Structures are given as C-alpha cells and as structure tokens.
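Residue numbers begin at 1 in each chain, while the letters A, B, ... track the order of the sequences. Keep in mind that what you see is a predicted model, and the values were worked out from it rather than measured.
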Amino acid sequence: MGAALPAGFFARDAVRVARALLGCVLETRVRGVVTAGRIVEVEAYVGPHDPAAHGFRNRRSARNASMFRGPGIAYVYFIYGMHWCFNAVTGREGVPAAVLVRALEPVAGLATMRRRRHTDDDRLLCAGPGRLCQALGITGAMDGLRLDGPRLRIWPPARAPVRSPVVTSRIGITRAADWPLRFAEAGSRWTSRPEPQGGSGRDRK
DNA sequence: GGTAGGATAAGCT
DNA sequence: GCTTATCCTACCA
C-alpha cells in the first residue's frame, strides 16, 4: 500500500498540478464509509492574476480563506445556493492558486454514491463539481482539511492516463473565458461534458 | 437530441 | 441589487 500524495506534490504551478492530478484517486471517509473516484477532469485557477479565480487580486474573505493556507489543503466552497465544489490548493501560503476537481470515475463505495445522489445512473454520480461532492459526501465541513488526512486523501495513479489530456477553456466562467486551463482525460466517459468532436481538441462555447 | 429557466445564498459593487 | 468555478426539470425538436 502506497502513501497519499504529500503536500509537496501540490506545491507547484497549478497547471502542472492539474495535469498531474488526472488519474489520481480522490477518497473520502465519512463516518467510516469510504467512497473514492479516479480524477478525470480538472481546472486550474492559477493565482491572484487570474480574473476567474476566487483569489483574484488577493482578495480574501471568510469563504476563500482556505485558498491562502498553502499547498495540500482542501478548499471547499458553496455556490449557487446549493452546490459544493472541491479544490486542491497549490499556492504557497498566502498565494491563492488551486485546482478545481470537476469529474471522477467512480471506483469505490458506488452503492453509497448512488444513495447520496438519488440515482442509479452511474454516469451522473461524479460528472460535475457539485455532483462529485454530493457523491463523496464533501461539504464545507471538509474545507481547510489536509489532503493526506483520515477523512480526505488523494492517492497517486494506479493506472495513469495513457493519452495526453484534452485541453479546453474553463466552464461556467465569464472572465478569462478563453484561458486553456481545463484538462480532461482523453476518451473518458466520466467527464462532465462530452469531449469536443473533430479530434483537434478544439474549444467549445 | 438540445436548451431555457428556476432554486438558493454568499460576496461584491 | 447583481453575479456566480451548478444541477435538475420541463419542454421542444
């Protein structure tokens, strides 16, 4: 049995970390129940100069405080009045940079995920940042936790992606909408949206 | 197959 | 007041 990814893994440029996270396994333990999924889609939020990031211009608030707490920390925030989103912080202490996890390939605790998500369609278990948080039981209670602790862990890839990732712009944002900072495993059927067709990895929207 | 609209709340201007 | 790193349902093709 290997070890969870150490803080040092996350202490790099957010784009590097985002790409390296593809294929890694995000695991939670909630009241003894383990659920886990293989990361197939991520977005990088690269720092205080990123207009789409919550830490733009180093603005701090109660919500985004965890984003400033250093590499290897979870930043979990609530959005649209009903969804949680999970990020892995990559910036050194005081620098707001993180990777948003957007989709997982379910690998453990599927029955629990189906119950939490109220669906039997496995494709819809973890295909989207809000969905994967619901499936894994991630809430604001996990904001600020270390990513190598008992409740939250990220394991190195058991099976690394073979092909280079599909690169597109980030989803659901309006500022810096054309920055190519979304990375998805090529050919995965577990992403939040279908791969752009045409083979060239072109953008959409 | 696709898309429009609503739910719901924190933070910002 | 307005925006937001979303999801689900309803409706139309």
- request: Using atom CD1 of I138(A) as one end and atom P of dC7(C) as the other, report the distance to the nearest whole Å.
  value: 13 Å

query: R60(A) CZ to dA10(B) C1': how many Å, rounded?
result: 19 Å

task: Would you indicate which nucleotide in dA5(C), dT8(B), dC8(C) comes nearest to any side-chain atom of Y75(A)?
output: dA5(C)

query: According to the Watson-Crick and G-U wobble definitions, with both distances under 3.5 Å, which nucleotide is paired to dT8(B)?
result: none

task: Verify the neighbour count for atom CZ of R146(A): are there more than 12 heavy atoms of other residues, nucleotides or ligands below 6.0 Å?
output: no

statement: Considering only heavy side-chain atoms of P129(A), the closest of dC7(C), dA5(C), dC12(B) is dC7(C)

- request: Under a 3.5 Å limit for both distances, which nucleotide forms a Watson-Crick or G-U wobble pair with dA5(C), could you say?
  value: none

- request: Can you see which heavy atom on A177(A) is nearest to which on S169(A), and at what distance?
  value: O-CB, 3.0 Å

Ring centroids of Y45(A) and dA5(C) base under 5.5 Å with planes under 30°: yes

- prompt: Tell me: CZ of R175(A) to P of dA5(C), nearest whole Å?
  reply: 9 Å

message: Salt bridge or not between R170(A) and D50(A)? Use side-chain N to carboxylate O under 4.0 Å.
response: yes

field: Residues E185(A) and R38(A) bridged, charged N to O under 4.0 Å
entry: yes

- line: Whole-Å distance, I171(A) CD1 to dT6(C) P, equals 8 Å

query: Between atom CD in E43(A) and atom C1' in dT6(C), what is the gap in whole Å?
result: 12 Å

statement: Checking dA7(B), dA5(C), dC7(C) against the side chain of R131(A) (C-beta onward), the nearest is dC7(C)

query: For dT6(C), does OP1 or OP2 lie under 4.0 Å from any side-chain N or O of R102(A)?
result: yes

query: W84(A) has an atom CH2; how far is it from atom P of dA5(C), in whole Å?
result: 16 Å

query: Under 4.0 Å between a side-chain N or O of R59(A) and OP1 or OP2 of dT13(B)?
result: yes

message: Classify R57(A) by what it touches in the nucleic acid, base, sugar-phosphate, or nothing, heavy-atom distance under 4.0 Å.
response: nothing

- prompt: Rounded to the Å, how far apart are M82(A) CE and dG5(B) P?
  reply: 17 Å

query: Counting any heavy atom closer than 4.0 Å, what does R63(A) reach on the DNA or RNA strands: base, sugar-phosphate only, or nothing?
result: sugar-phosphate

- prompt: Reckon N64(A) touches a base, only the sugar-phosphate, or nothing at all at heavy-atom distances under 4.0 Å?
  reply: nothing

- prompt: Any side-chain N or O of T174(A) under 4.0 Å from OP1/OP2 of dT3(C)?
  reply: no

field: Nucleotide nearest F78(A) (side chain, heavy atoms from C-beta), chosen from dA9(B), dT6(C), dA5(C)
entry: dA9(B)

query: Rounded to the Å, how far apart are H83(A) NE2 and dA9(B) P?
result: 12 Å

message: Looking only at the side chain of S61(A) (C-beta and beyond, no hydrogens), which of the listed nucleotides dA5(C), dT8(B), dC12(B) gets closest?
response: dC12(B)

- request: Answer yes or no: does a side-chain N or O of R117(A) lie under 4.0 Å from OP1 or OP2 of dC8(C)?
  value: yes

task: Report yes if a donor N or O on one partner sits less than 3.5 Å from an acceptor N or O on the other, where the partners are the side chain of Y77(A) and the base of dA10(B); otherwise report no.
output: no

statement: Between L124(A) and G55(A), whichever has its closest DNA chain C nucleotide further toward 5' is G55(A)

For the student: nearest non-hydrogen atoms of A4(A) and W155(A), plus distance: N-CZ3, 3.5 Å

query: Side chains of L26(A) and F86(A): closer than 4.5 Å at any heavy-atom pair?
result: yes

